[in-house]
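In what follows, residues are counted from 1 in the order of the sequence shown. These values consider heavy atoms only, across backbone and side chains, with no hydrogens, waters or symmetry-generated copies.
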Amino acid sequence: MSKEAEFDAFYAATAKRLVATVYAMTGDLAESEDAVQEAYARAWQRWDRLTREGDPLPWVRTVASRLAVSAWRRTRNRLRAQLRHGAASDDPGPSGALGDRAALVAALRELRPDQRRAVVLHHLLDLPVEEVARETGSTSGAVRTRLSRARRQLGERLADMDTYEDEGMGPAWLTSRNC
């Protein structure tokens, strides 16, 4: 298989889930898509080395999440400035299932970036704690601590949201995993 065909197959098999992963970390689909595309472009430039070293997906995921978090921080800072200097919105916000999803994204945004990343990698991608530790450059104990604190914070924030439990995304998934 040619280098181009190998990369195309890798992209086709991993891109959609990677966008979903980065979106879960940041809550901004457009920024997530941009970050993932940039990460794949960077991976292509290093494709020979990445494939020689093993599975390129962790590298691409790390680059995409770092790019997205940087963009998210810039956006957050712009929004903070707008709130300080702009008028308050009269929009009551989304409701129903859309509102519940927005609440989950908002709750994830309240986590520290390292906690949010650990939650997404462990709970949404089902990576074992040891792999999350390798990918984040942390110890397994640090990852367990981040997960514990994040689950507690998310559990408090989402405790009254029955819809999440019905969809398998709510407080039940926050407390069901033993790390």
Heavy-atom neighbours of Lys3 NZ exceed 12 at 6.0 Å: yes
Heavy atoms of other groups near Arg46 CZ, more than 12 under 6.0 Å: yes
Decide yes or no for [X] and [Y]: does some side-chain heavy atom of the first lie under 4.5 Å from some side-chain heavy atom of the second?
X      : Y      : answer
Glu131 : Leu121 : no
Leu127 : Glu135 : yes
Val60  : Thr14  : no

Is a side-chain N or O of [X] found less than 3.5 angstrom from the main chain of [Y], in a donor-acceptor match?
X      : Y      : result
Arg157 : Ala107 : no
Arg109 : Gly27  : yes
Arg42  : Val63  : no

Ser138/Arg146 under side chain to side chain contact (heavy atoms under 4.5 Å, CB included): CA gap, chis, key distance, verdict: CA-CA 10 Å; Ser138 304; Arg146 289 176 190 143; 2.7 Å; yes
Taking atom [atom1] of [X] and atom [atom2] of [Y], what is their separation to the nearest 0.5 Å?
X      : Y      : atom1 : atom2 : answer
Leu18  : Gln37  : CG    : CD    : 9.5 Å
Glu38  : Leu67  : CD    : CG    : 6.0 Å
Glu31  : Tyr23  : CD    : OH    : 13.0 Å
Met25  : Arg116 : CE    : CZ    : 9.0 Å
Leu154 : Leu111 : CG    : CG    : 4.5 Å
Thr139 : Arg134 : OG1   : CZ    : 13.0 Å

For Glu130, side chain to side chain donor-acceptor pair (under 3.5 Å) partners two or more places apart: Arg144
Considering non-hydrogen atoms only, spot the tightest contact between [X] and [Y] and give its length.
X      : Y      : answer
Ser65  : Thr62  : OG-O, 3.0 Å
Ser140 : Val129 : O-CG1, 3.7 Å
Val132 : Ala118 : CG1-CA, 4.2 Å
Val19  : Ser32  : O-CB, 4.0 Å
Ala35  : Ala64  : CB-O, 3.4 Å

CA sep, side-chain torsions, deciding dist, call: Asp114, Thr136, side chain to side chain contact (heavy atoms under 4.5 Å, CB included): CA-CA 8 Å; Asp114 59 338; Thr136 60; over 6 Å; no
Stepwise side chain to side chain contact (heavy atoms under 4.5 Å, CB included) check, Gln153 with Gln115: CA-CA 10 Å; Gln153 185 176 343; Gln115 291 174 336; 4.0 Å; yes
Residue list, ring-ring contact (aromatic ring centres under 6.0 Å, His included) with Phe7, at least two apart or on another chain: Trp44, Trp47
Residues Tyr40 and Gln45: side-chain donor-acceptor under 3.5 angstrom: no
Side-chain H-bond candidate by donor/acceptor type, Arg117 with Thr21, under 3.5 Å: no
Stepwise side chain to side chain contact (heavy atoms under 4.5 Å, CB included) check, Val22 with Arg61: CA-CA 8 Å; Val22 175; Arg61 188 171 40 233; 5.7 Å; no
